[in-house]
**Student:** 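This is the structure, below, for whatever I ask next.
Owing to the predicted nature of the structure, the values given are computational and were not obtained by experimental measurement.
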Amino acid sequence: MGGFAESVRERVRAARAAVAEARAADDAYALAVAEDELDDAIRVALGIGVDPDAEPDGSGVAPEGGGARGAGTGPDRGGAA
């Protein structure tokens, strides 16, 4: 799944960057759109067993049970870390 997993992780990285840019610009609409994209990208990654935070060294499969790392709350989503 190497190349595909990396493209899924790249989508998550791009969405996180868009969230940061929208926050920095204080653009509420762009932030809402970027957060929706980030939520979707993380959902897709976890749904296919790809750890969205893994390095591209082949260790990108989410552990058993998946989990919701990066989804919903935390610094990238405006919630508590």
**Student:** Can you sort out the partners of E10 under salt bridge (charged side-chain N to carboxylate O under 4.0 Å, His left out), two or more places apart, ordered by chain and number?
**Tutor:** R13
**Student:** So, for E37 and A15, which heavy atoms are closest and what is the spacing to 0.1 Å?
**Tutor:** CG-CB, 3.8 Å
**Student:** Would you please name every residue forming a side-chain contact (heavy atoms from CB on, under 4.5 Å) with A32, sequence neighbours left out?
**Tutor:** none
**Student:** For the atom pair CD1 (I42) and CG (D53), what is the distance rounded to the nearest 0.5 Å?
**Tutor:** 7.0 Å
**Student:** Would you check, one step at a time, whether the test side-chain contact (heavy atoms from CB on, under 4.5 Å) holds for V8 with R11?
**Tutor:** CA-CA 5 Å; V8 170; R11 180 180 174 200; 5.7 Å; no
**Student:** For the hydrophobic clusters of this structure (ILVMFWY residues joined by side-chain heavy atoms under 4.5 Å, transitively), does one cluster hold both V50 and F4?
**Tutor:** yes
**Student:** On a heavy-atom basis, which atom in P52 and which in R16 lie closest, and how many Å separate them?
**Tutor:** O-NH1, 4.4 Å
**Student:** Which residues pass the side-chain contact (heavy atoms from CB on, under 4.5 Å) test with A18, not counting sequence neighbours?
**Tutor:** A34
**Student:** Determine the minimum heavy-atom distance between V19 and E35, stating which atoms define it.
**Tutor:** CG2-N, 3.8 Å
